[in-house]
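All values derive from a computational prediction rather than experimental measurement. Along the sequence shown, the residues carry numbers beginning at 1.
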Amino acid sequence: MRILRLPLLAIALLVAALGFAGSAGAAPPLSVQPDDEAVDLTPAIERPVGQADRIQVATQPGPDGIVRRIEVRAETPGDGRQWVVFSLKNEGDEQIDRLLVSPYFRFSGSGAVWPDLGSERIRALTASQGLKPERQGADDADVFRLTLDPGATVTYVAELASPTLLQLTLWEPDAYKDKVNSFTLFRGIMLGIAGLLALILTILFVVKGSMMFPAAAALAWSVLFYLGVDFAFWRNILDLDPAADRILRAGGEAGFAATLLVFLFAYLNLGRWHVRYSHVVGVWLVFLFVTIGLSAYDPSIAAGLARLSLAAIAAVGFGVVVWLALQGYDRAVTLAPTWLLLLVWVCAAGAAVSGPLANELVAPALFGGLVLLTLLIGFTVMQHAFAGGVVDQGGASDIERRALAVMGAGDVVWDWDVVVDQVHAAPELEAALGLRRGALQGPAADWAEIVHPADRDRFRAALDALVDERRGRLVETFRLRGADGHHLWYMLRARPVVGADGEVVRCVGTLLDVNASKTTEERLLQNAVEDNLTGLPNRRLFLDRIEAALAFVEGEAGARPSVMVLDIDRYKKLNDAVGVGTGDTILITVARRLTRLMRPQDTLARLGGDQFGLLLVSARDAESAGAFAEALKRAIGAPISFGGRELRLTASIGLAPGDSAQEAEGVLKNAEVAMYHAKRFGGDHVETFRPNMRAATTDRLLVSGELARALERDELRVHYRPVVRLDDRSIAGFEAALRWEHPRYGRRPPQEFLAIAEETGLIVDFGLFALEEAARQLGVWQDQVPGEPPLFMTVAASGAQFLRQELVHDVAQALSRHSLAPGSLKIGLAESLVLDSPEHSAHILERLRDVGAGLALDEFGAGFSNLPLLERLPFDVLKIDRSLMRPQAGGDRSPMIRAIVRLSQELGIEVAADGVDTDSDAVEFYHLGATYGQGFAFGEPQPAAQCDRLLGLAPQGVARRVMQGALRRG
């Protein structure tokens, strides 16, 4: 959509020359006051006629007195395009934010014969000046956020998506949110009552075999379905398109009419009076079922037929009920009051859809009345269930039904006797607040003392207004103080009772505990802008702070806020080693250290994972920002003690100076690019953003793209690291390691391309390739070097492979294709991977053992090792991590390693030592009880041809025992 602005003189000449076909005058401006909560714009709009794809509108004079003309182009050109024009004026000296709301559907005024069942109303909205109105996310209305600058007069042009504009309201955002929340609570209560009633009647249908019980249950379920459609419950549950509401609404109305007809026929047992009743009802039901099917093709026609049928059923049914009641039929006598209320409800609904009743509360009131009617019908049917089918001629009173409804809903009864000024609250409220019995009985002024001070004046004013108006309904949410000083949220819903003299004698209502919903609401609001773990601002709020800082320094010479992105080096590996809980504790510790360095005007945020963002406003030049970054490095590098160990962290920091000409997102991305560039230096580094850094980031993307084609270009190789028996230094097997030989980039470091493969999901295909190559090579070696026990091969499985259900199948296929000895192909799993999901791990490991694979537990001791894990899971080999093999400052690890070896031997698990770098290491680990060793002393990963020489298979090689002797001599 585009706006064209022309000077006034040019506009006048163009009008004279062309006559301005399709132009429109400006709408009179509507003054918007800061304290207006909701303003109906429907009377203030104009509907000018534009061309097929555009409209021209003259705006209201601005502060300079110039009248401008704007041209708005349609987003979807076509014949019959309709437009709406209105003007808003802010006469105050503060900016005003409002929400423009146009609902898709309104029950009131929707129409009886050919109803409007809802659709999109406003396709686009254009403002003559200021910020472009932003469409807000909403499923049941077109919502746009408008911003009016002080003293501004703005003309808005709306392109309609539908010729009918049901309502156009200007809402204060908080008031609109409160309105939506209140209706959501009401809808939840209605759905809960209707669902409970439908379930109870269904249970009665199972217990009692009479025809009236399934008919009443079907009616209750149809009411529940229709309420679910109108409350958008089914659309949210089934993830349906909003357009599906039209079909569901039409089908729901037809279904309600059909089940109501079936209930009337079944309850009154009309089949016994005359066979013609059965014929008429049968034909009517066929018509309604056809109407339900018609709703899928033309919902408007189907809904119109359903509404006319409902009115006819109510009227004809009332006549039948009265006729049978006059003849003394007990069921008709019982049903007569309820059906009279139904007839009144149908008349009110007809007045609502036809237009006379257009209040916003009409539809909720009708839905509440529908649930009440269904409840009354349910109570009528339950009388037969518990009285053996005999109904008292007098029937249940309406007061009794209401009392039962309150009891079923679980609300607390609240009663204020205005004449004697005494408030009575049910004992359940005193018990919930921990107060003594009778503590809440007394004058309203004393009772209000337990109301939270922030809600007390509003509570008193609401009661005074209810007494003064002598009508209406009180719905207030406030906090009540318990015996322990804590406050709980309650909602009071009350109505006044007027005496014979026209004055209010009492106010009666119920108190509903809404503490859970209020807590959830507050938590959602907090989570929207704060990080759950650290309590710091999240990325969304951080961007907002950056944007505010950039706007604040605009025009101030020399003021340039700096944005930093800090990422903890190798945190993922650390988190896998120490566990998620300890990893979170480390993040909290880092956040506290960084917070102590911040000034009040600065902002620290957690951007996600181990990344933190810093907005530095206190440092006004690049030199100060750089010094601050170095201070951050030192703070993070301070040792962290836990579990008798000292952990030293490093961080990569990217710094980007802010500029008022930049977007907040752009500044943050620059800092992230600088941070990733700092990581290329090995971490513990600070980099300031330079434009050429984006090219370095592009290089990583190019490497990622080349890696995606590494398999098809045959660039991947599998190398093999020897695993040696420590007792005689003979080769027991090998460990497979993946390598990438690129013709252009050369040999890439494994940690680099494996990390990229993890990020892009290629690690699964790479793991399958390594498994197949290692199995094939192991088969060759087992044929050429027979022996007992046979050579084995360990292939590490990544986390992505382990979570796939196909891993067992892939291993079984590799074993069968290459005829490997049972247990010689060992699948290596990191300890942290197994600890993440012990139950899943046990299941997968048992299946791998069943297909003939061996199992090796890698990196044992890298984190907080779980010794019971060795007893629960069927591992063959346990490989002690290199970090545990190295002696640490302040202690000897030999007792710990000896304990692990002793436990493993008792469980029948062989132990391999990783990190055997010297011959003395081999001797030490042998005496500690390790069976196998691997490390620099026996060779790094090497191609299969070099391993052939170690096995004595190369023509120029020596015998295998010579190799063993050489290894023994060191």
Side-chain angles (χ1 to χ4, degrees), residues 174 177 181 452 454 479 485-489 515-550 552 561-572 574-576 578-619 625 628-629 631-643 647-656 658 664-665 667-669 671-672 675:
D174 290 336
K177 182 176 68 176
N181 291 339
H452 193 280
R479 289 159 286 184
H486 290 83
H487 289 81
L488 301 178
W489 284 97
N515 199 63
S517 60
K518 275 291 185 180
T519 302
T520 302
E521 178 184 344
E522 293 173 357
R523 185 182 299 114
L524 290 175
L525 291 175
Q526 182 178 7
N527 292 345
V529 295
E530 287 187 2
D531 174 57
N532 291 333
L533 177 64
T534 61
L536 297 174
N538 59 12
R539 186 183 186 94
R540 181 178 179 182
L541 181 57
F542 186 60
L543 284 171
D544 184 74
R545 298 278 179 87
I546 296 175
E547 186 175 354
L550 294 177
F552 178 76
S562 299
V563 176
M564 299 183 190
V565 173
L566 183 148
D567 187 272
I568 301 175
D569 298 325
R570 295 170 291 279
Y571 177 77
K572 183 179 184 301
L574 171 66
N575 198 38
D576 293 340
V578 301
V580 176
T582 305
D584 289 345
T585 303
I586 292 174
L587 289 178
I588 295 174
T589 302
V590 171
R592 289 175 177 172
R593 289 183 177 181
L594 298 179
T595 302
R596 286 195 290 266
L597 298 176
M598 307 297 293
R599 298 278 183 87
Q601 62 268 41
D602 301 332
T603 299
L604 173 65
R606 186 187 178 200
L607 305 181
D610 59 328
Q611 274 192 15
F612 294 88
L614 297 94
L615 173 62
L616 201 60
V617 181
S618 57
F628 187 82
L632 294 178
K633 278 180 50 181
R634 291 192 297 271
I636 294 175
I640 299 176
S641 300
F642 69 96
L647 176 68
R648 293 182 181 271
L649 302 178
T650 61
S652 300
I653 302 176
L655 189 151
E665 186 75 35
V667 178
L668 181 58
K669 285 187 179 298
E672 289 176 337
M675 181 271 295

Could you list the residues that satisfy side chain to side chain contact (heavy atoms under 4.5 Å, CB included) with [X], not counting sequence neighbours?
{"X": "Ala638", "result": "Arg593"}
{"X": "Pro600", "result": "none"}
{"X": "Leu488", "result": "Leu433, Tyr490, Asn515"}
{"X": "Ser618", "result": "Arg599, Gln601, Asp602, Leu616"}

Open item on the list: Quick one, Thr585 and Ile640 - any side-chain contact, counting heavy atoms below 4.5 Å?
Closed with: no
TODO: For residues Phe628 and Leu655, determine if any side-chain heavy atom of one lies less than 4.5 Å from a side-chain heavy atom of the other.
DONE: no
TODO: May I ask you to decide if Leu649's main-chain N or O and Tyr571's side chain share a donor-acceptor pair within less than 3.5 Å?
DONE: no
Open item on the list: Checking Ser652 against Asp567: is there a side-chain donor and acceptor pair closer than 3.5 Å?
Closed with: no
Could you pull out the closest heavy-atom pair between [X] and [Y], with the gap in Å?
{"X": "Asp610", "Y": "Ile568", "answer": "OD2-O, 2.8 Å"}
{"X": "Ala591", "Y": "Phe612", "answer": "CB-CE2, 4.0 Å"}
{"X": "Pro561", "Y": "Leu550", "answer": "CG-CD2, 4.0 Å"}
{"X": "Val565", "Y": "Ala671", "answer": "CG2-CB, 3.5 Å"}
{"X": "Ala651", "Y": "Ile636", "answer": "CB-CD1, 3.7 Å"}
{"X": "Phe542", "Y": "Leu607", "answer": "CD2-CD2, 3.7 Å"}

Kindly compute the distance separating [atom1] ([X]) from [atom2] ([Y]), expressed to the nearest 0.5 Å.
{"X": "Glu672", "Y": "Gln611", "atom1": "CD", "atom2": "CD", "answer": "5.5 Å"}
{"X": "Leu597", "Y": "Leu604", "atom1": "CG", "atom2": "CG", "answer": "9.5 Å"}
{"X": "Arg479", "Y": "Trp489", "atom1": "CZ", "atom2": "CH2", "answer": "4.0 Å"}
{"X": "Met598", "Y": "Leu594", "atom1": "CE", "atom2": "CG", "answer": "8.0 Å"}
{"X": "Leu533", "Y": "Asn538", "atom1": "CG", "atom2": "CG", "answer": "13.0 Å"}
{"X": "Leu632", "Y": "Leu566", "atom1": "CG", "atom2": "CG", "answer": "6.5 Å"}

Task: Pairing residues for Glu665 by the salt bridge (charged side-chain N to carboxylate O under 4.0 Å, His left out) criterion, not counting sequence neighbours - done: Arg539, Lys669
Open item on the list: Looking at Glu547, I'd like to know if its CD atom is crowded, meaning that more than 12 non-hydrogen atoms belonging to other residues, nucleotides or ligands lie closer than 6.0 Å.
Closed with: no
